[in-house]
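All of these numbers come straight from a predicted model, not from anything done at the bench. Start at 1 and go down the list; that is how both ligands and their atoms are numbered. When reading the values below, keep in mind they use all heavy atoms of this one structure, side chains included, and skip hydrogens, waters and symmetry mates.
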Amino acid sequence: MLPHDFVNTEETLDPQDWEAMRTLGHRMLDDMLDLLQTVRDRPIWQPLPDDVKARLHAPLPHKPQSPESIYEDFVRDVAQYPMGNIHPRFWGWVIGTGTPLGVLAEMLAATINPNMGGGEHAAVYVENQVIEWCKAMLDYAPDASGLLVSGGSMANLVGLTVARNVKAGYDIRAEGLQANERRFTVYTSEEAHSSIQRAVEMLGLGANALRKIPVNANLQIDIGALEAALAEDKAAGMQPICIVGNAGTVNTGAFDDLNALADICEREDIWFHADGAFGAMAALAPALRHLTAGMTRADSIAFDMHKWMYMPYEIGCTLVRNRKQHYDAFTLTPDYLAHGTRGAAAGDIWFSDYGIQLSRGFRALKAWMSIKEHGIDKYGRLIQQNVEQARYLAALVDAEPELERLAPVSLNIVCFRVRPPGMPDDSLNAFNEELLIRIHEAGLAVPSYTRLDGAYAIRVCITNHRSRREDFDLFVSETLRLGHELAAEYR
Ligand SMILES: *Cc1c(COP(=O)(O)O)cnc(C)c1O
C-alpha cells in the first residue's frame with residue numbers, strides 16, 4: 001500500500017494532459033487527410049526560403065516546447081516544402097506516392113511499437129503473412145523465406161550476401177575472404193542499379209569484381225557478351241558466383257532475358273539474383289506478366305513496396321528460395337537473444353536470423369493493411385494504368401516535332417529531350433538540363449534525368465497512383481512553352 005500522501009516524482013515522456021494530446025492528434029489527422037485530398041491543387045515543389053533553412057539549423061533543444069507549437073513548426077517549415085512525390089505530377093527517379101491508409105498504418109505500427117527482431121507476438125505473424133502474400137503474388141517458390149527490409153538496396157545486399165556465402169564453397173562466415181584462393185566475380189548489365197555495385201563493395205569483393213556487361217538495343221544484357229566474359233574469367237582462374245538479372249532497369253525499365261540468365265546459372269552453378277525493385281511488380285498485371293518470365297527461377301529476388309506498390313517509405317523485401325541458406329547466412333544468436341519455446345521469447349521465426357538488423361520496425365503493418373484494403377488485383381490494374389500512361393506520354397512526345405524520344409518504352413519510363421528547331425546538337429545537353437530545372441521551379445512537374453549514350457534525357461518514371469492523362473497533356477504543353485521561352489534566351 002502506498003501512503004495516502006504519496007507523490008509520484010518520477011518522470012515519464014507521456015503527456016501530462018492527455019486531452020490536449022488527443023485534441024492535437026485529431027487536428028493533425030484532419031490536416032493530413034486534407035493535405036492528401038487537396039494535393040493536386042498545390043505546387044508540387046518549391047524552393048526552401050532562407051529563413052526556413054535557418055530555423056532548420058537551430059541548435060539542440062535543452063528545454064521543452066509544447067507539442068502544439070512543434071506541430072506549427074512542422075506545418076510552417078516542413079510540410080510546405082515537400083519533395084513532391086505525393087503529388088500527381090511527380091515522376092522523378094523511381095519514387096512511390098503513399099496512401100492515406102498507409103499513413104494511418106504507420107501510426108498504428110508506432111503505437112504498438114513492437115521490435116520485429118522476433119518473439120512470439122501477433123506482429124511477427126503479420127510479417128510472415130505479408131511474406132507469404134509476396135511469394136504468392138510473384139508466383140515464387142512456396143517454401144522460400146523472406147524478410148522485409150528498408151528498400152531495394154538492402155534487399156539486394158541481403159540477396160547477394162546469401163549468394164556469396166553459398167557459392168564461396170567454404171565457410172566464408174568463419175574464414176572471410178582472406179581464405180579464398182581465387183577471385184570471386186559477379187555479373188550484371190551496364191544498366192544495373194548502383195546498389196548492386198555497393199553490395200559487391202560491402203561484401204568485400206571490390207567493385208572491379210563486378211563485371212558490367214554491355215546491353216543490346218533494347219537495353220537488355222547482351223547474353224553473348226555475358227557468356228564470353230564468363231568464359232574469359234574462368235580461363236583466368238576467377239570464380240564466378242552470381243549473376244544479377246534486371247527485372248526493370250532504373251534508366252528505362254528494361255527486363256533482361258531472365259530465362260536465359262537462369263539457364264546459364266543452372267549450367268554454371270552460379271547464384272541467380274533478380275533485382276526487381278519496381279519491375280517485379282509487372283507480374284501483378286496480367287498483360288505485363290510475360291516481361292518477368294524466368295524471374296521465379298531466381299535463387300533470390302529483391303523488390304520494393306514503396307515504389308510500385310505505392311506504400312509509404314520504407315519497405316522492401318528479399319525472397320530467398322532456400323530458407324536454410326538464407327538463415328545460415330545471418331543467424332547469430334548470443335545467450336541474451338536465445339529463442340525460447342514458450343512465453344514472449346518463443347516464436348518459430350526470428351527475423352533477426354535472416355538479415356542485418358536486430359531491432360526492426362513494424363513496416364509489415366502498412367503492407368498488410370494496404371494489400372487487404374485494395375486487394376492485389378487493384379495493384380495490377382494501377383501498374384497497368386501507369387504503363388498505359390507511359391505509352392500515352394510516348395505518343396505525345398512522338399507526335400511533337402520539337403520533342404525527341406531517346407529510349408524505347410519497355411514499361412513505365414519515358415526518356416526524351418526537347419530539340420528546338422535550329423539548335424546545334426552540342427547545345428542540347430545544357431539546354432535540357434536548364435529546362436528540367438525550370439520545370440521543377442515552375443512547380444509544374446518533377447521528372448528526373450539520366451544520360452543515354454551521352455545525351456541528357458528528361459526521364460519520366462510513372463509509379464504514381466494519382467496521375468491522370470490530363471497531367472501528361474499539361475506536362476507536354478507546358479514543357480514546350482518553357483522550352484520556347486528558354487530557346488528565345490539562347491538566340
Ligand atoms: C530503386 C532501385 C533500387 C534501390 O532501391 P531503394 O529502395 O531505393 O533502396 C535497386 N534497383 C533498382 C532497379 C531500383 O529501381
Donor-acceptor side-chain pairing of K212 and Q197 below 3.5 angstrom:
yes

Considering G276, S153, G96, G253 one by one, which has a heavy atom nearer to atom 9 (O) of ligand 1 than any of the others?
S153

May I ask you to check if ligand 1 and T249 share an N or O to N or O distance below 3.5 Å?
no

Near D275, which atoms of ligand 1 are under 4.0 Å from a heavy atom of that residue?
10 (C), 11 (N), 12 (C), 13 (C)

Can you list the atoms of ligand 1 that are under 4.0 Å from a heavy atom of G248?
13 (C)

Using a 4.0 Å cut-off to any heavy atom of G152, which atoms of ligand 1 qualify?
4 (C), 5 (O), 6 (P), 7 (O), 9 (O)

Looking at R297 and D263, is any side-chain nitrogen of the basic one under 4.0 Å from a carboxylate oxygen of the acidic one?
yes

Heavy-atom pairs closer than 4.0 Å: do any link ligand 1 to the side chain of K307, the backbone, both, or neither?
side chain

What do you reckon, does G151 have a nitrogen or oxygen under 3.5 Å from a nitrogen or oxygen of ligand 1?
no

For N156, take its heavy atoms, then give the atoms of ligand 1 lying under 4.0 Å from any of them.
10 (C)

Closest heavy-atom contact between A367 and I315?
CB-CD1, 3.7 Å

Need the ligand 1 atom indices (1-based, order shown) with element for anything under 4.0 Å from a heavy-atom of A277.
2 (C), 3 (C), 10 (C), 11 (N), 12 (C), 13 (C), 14 (C), 15 (O)

Would you say H306 has any N or O atom under 3.5 Å from an N or O of ligand 1, going by distance alone?
yes

Shortest non-hydrogen contact between Y313 and V94, atoms and distance:
OH-O, 4.2 Å

Pair R198 + E201, salt bridge at N-O below 4.0 Å:
no

Ligand 1 versus N246, non-hydrogen atoms closer than 4.0 Å: side chain, backbone, both, neither?
neither

Find all atoms of ligand 1 within a distance of less than 4.0 Å from any non-hydrogen atom belonging to D304, and give their numbers and elements.
5 (O), 6 (P), 7 (O)

Is the NZ or CZ atom of K372 both under 6.0 Å from the centre of the six-membered ring of W368 and within 45° of that ring's axis?
yes

Check ligand 1 against S195 and write out every atom of the ligand that is under 4.0 Å from a heavy-atom position of the residue.
10 (C)

To the nearest 0.5 Å, tell me how far I264 CD1 sits from N259 CG.
11.0 Å

If you compare all heavy atoms of V52 against all heavy atoms of D77, which two are closest, and at what distance to 0.1 Å?
CG1-O, 3.6 Å

Heavy-atom contacts under 4.0 Å between F278 and ligand 1: side chain, backbone, both, or neither?
side chain

Check H374, M369, M311 against L101 for a side chain to side chain contact (heavy atoms under 4.5 Å, CB included) and give me the one that passes.
M369

Distance from atom 4 (C) of ligand 1 to nearest protein heavy atom, with residue and atom:
H193 CE1, 3.4 Å

Please say whether more than 12 non-hydrogen atoms of neighbouring residues, nucleotides or ligands are located less than 6.0 Å from CD in E470.
yes

